[in-house]
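What you see is a predicted model, and the numbers here were worked out from it, not measured in a lab. By convention in this document, chain letters (A, B, ...) are assigned in the order of the sequence lines, proteins followed by strands, and residues within each chain are numbered from 1.
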Amino acid sequence: MPEGPSIVILKELIDDLPLHKPEIIEVSGNVKTIAKDRLLHQKVQEFRTLGKHFLICFNDFTIQIHLMLFGTYLINDTKKTPLKLGLTFKKDQINFYTCKVDLLEGNAKDLYDWSIDIMSDQWDDKQAIKTLKENPESHICDILLDQHIFAGVGNIIKNEALYRAKIHPLSKIKDLPLAKIKLLIKAVVAYSFDFLKWRKEGTLIKHWEVYNQKTCPKGHPIEKKELGKTHRQTYYCSNCQKKYS
DNA sequence: GTTAATGTTTCACC
DNA sequence: CGGTGAAACATTAA
C-alpha cells in the first residue's frame with residue numbers, strides 16, 4: 001500500500017465521503033498502542049497526510065497511522081485479517097489492518113513540518129538541497145529513502161526518479177553537480193505526482209521504467225542489486241544512469 | 001509450500 | 001556513543 005502517493009489517495013477517498021468534522025461513535029480493533037476510549041465521541045477536525053503517515057487530526061491530539069509494508073484499509077467494508085483499528089461514524093466506517101497506530105499529544109499543525117513532505121504544497125526543495133549537502137558521503141540511493149528529508153519516498157519512487165534523472169544509485173552526494181541534485185529533486189516530486197495519477201488510473205505498473213523490469217525503455221538490461229546501507233533492492237541501468245565519483 | 005515485496009524499529013555487536 | 005546489520009513484525013500474490 002504505502003508510498004506517499006498511496007496515502008494521499010486514502011485521504012482523498014475519505015475526504016470524498018464527505019464527513020464534516022464527524023464524531024466517532026464507535027472504536028473497534030485490537031490496537032494496543034493507544035487507548036481506544038480516547039477517541040470515542042471525539043470529533044475529527046481534519047484528515048491529513050505527511051509522507052507515509054495518515055493523520056487523523058483532533059483538536060488536542062493526533063492519531064498517526066503507518067501502513068508499513070503490508071497495511072491495508074477498507075472504507076465501509078471489512079475483511080478476515082484481524083482488525084487493528086476501526087472507526088465508526090454516523091454513516092461511514094473506516095477500517096485499518098496491519099498497521100502501526102500512535103497517538104501524539106497536540107495539534108497536528110504543531111507536531112509536523114510539511115516542508116519535508118514530497119506531496120505537500122509546502123515541500124521545500126531548497127531545504128532538501130541544504131540537508132543533502134550536510135551528508136556528502138551518503139549514497140543517493142540511501143538518502144532518497146530518508147523520511148526526514150524526503151518523507152513519502154519509497155523504493156519505487158527512489159528507483160524511478162533515479163532513472164529519470166539519469167543518476168547511478170551509488171553516486172555520492174558530494175560528487176553530484178548541484179544542477180544534477182536539483183534535477184533529481186524535481187524528478188522525485190514529478191514522479192510522485194505521476195505515481196498518484198497512474199495509481200488512480202490503475203496504470204502504475206505499466207508505467208514502470210526500471211522497477212521490477214528486465215530492460216529499460218531503451219532496451220538495455222536492468223541490474224537489480226541490494227545497494228547502500230539500506231540494502232533495498234535497487235533497479236538501474238548502467239548505460240543510462242551515470243555514476244558520479 | 002516457497003518466495004519476495006511499495007517499511008520501519010529494535011536489539012546485538014564491534 | 002556511532003555505525004552496521006540482522007532480526008522482528010505482518011500479508012498476500014505469484
* Structure fact -> Expected list for residues 146-155 of chain A near DNA chain B, using heavy atoms below 4.0 Å, is A:Gln147, A:Gly154, A:Asn155

* To do: Residues of residues 63-82 of chain A with any non-hydrogen atom less than 4.0 angstrom from an atom of DNA chain B: list those, numerically ordered, please.
  => A:His66, A:Met68, A:Leu69, A:Phe70

Would you please confirm or rule out a distance under 4.0 Å between OP1 or OP2 of [N] and any side-chain N or O of [X]?
{"X": "A:Lys100", "N": "B:dT8", "answer": "no"}
{"X": "A:Thr98", "N": "C:dT11", "answer": "yes"}
{"X": "A:Arg232", "N": "B:dT6", "answer": "yes"}

Should the pair [X] and [Y] be assigned to parallel (<30°), tilted (30 to 60°) or perpendicular (>60°) ring geometry?
{"X": "A:Phe54", "Y": "A:Phe47", "value": "parallel"}
{"X": "A:Trp208", "Y": "A:Tyr211", "value": "perpendicular"}
{"X": "A:Tyr191", "Y": "A:Trp198", "value": "perpendicular"}

* Asked: If the C1' atom of C:dG5 is compared with that of B:dT6, how far apart are they to the nearest Å?
  -> 22 Å

Separation of [X] atom [atom1] from [N] atom [atom2], in whole Å?
{"X": "A:Phe96", "N": "B:dG7", "atom1": "CZ", "atom2": "C1'", "value": "17 Å"}
{"X": "A:Lys32", "N": "C:dC9", "atom1": "NZ", "atom2": "P", "value": "14 Å"}
{"X": "A:Asn135", "N": "C:dG3", "atom1": "CG", "atom2": "P", "value": "10 Å"}
{"X": "A:Asn212", "N": "C:dA14", "atom1": "CG", "atom2": "C1'", "value": "12 Å"}
{"X": "A:Glu226", "N": "C:dA6", "atom1": "CD", "atom2": "P", "value": "9 Å"}
{"X": "A:Tyr211", "N": "B:dG7", "atom1": "OH", "atom2": "C1'", "value": "11 Å"}
{"X": "A:Asp142", "N": "C:dG5", "atom1": "CG", "atom2": "P", "value": "10 Å"}
{"X": "A:Glu160", "N": "B:dT6", "atom1": "CD", "atom2": "C1'", "value": "12 Å"}

For the pair [X] (side chain) and [Y] (backbone), establish whether a donor and an acceptor sit closer than 3.5 Å, ignoring hydrogens and angles.
{"X": "A:Asp117", "Y": "A:Asp113", "value": "no"}
{"X": "A:Glu209", "Y": "A:Tyr163", "value": "no"}
{"X": "A:Lys100", "Y": "A:Gln64", "value": "no"}
{"X": "A:Asn76", "Y": "A:Gln93", "value": "yes"}
{"X": "A:Trp114", "Y": "A:Thr49", "value": "yes"}
{"X": "A:Gln42", "Y": "A:Ile25", "value": "no"}

* With heavy atoms under 4.0 Å as the rule, sort A:Lys158 into base, sugar-phosphate or nothing. => nothing

* Asked: How is A:Tyr97 classified with respect to the nucleic acid when contacts are heavy atoms under 4.0 Å: base, sugar-phosphate, or nothing?
  -> nothing

* Pairing partner of C:dA13 (Watson-Crick or G-U wobble, both distances under 3.5 Å) -> B:dT3

* Does atom NZ of A:Lys79 have more than 12 heavy-atom neighbours, drawn from other residues, nucleotides or ligands, at distances under 6.0 Å? -> yes

* Could you work out which one of B:dG7, C:dT4, B:dA5 sits closest to the side chain of A:Lys52? => B:dG7

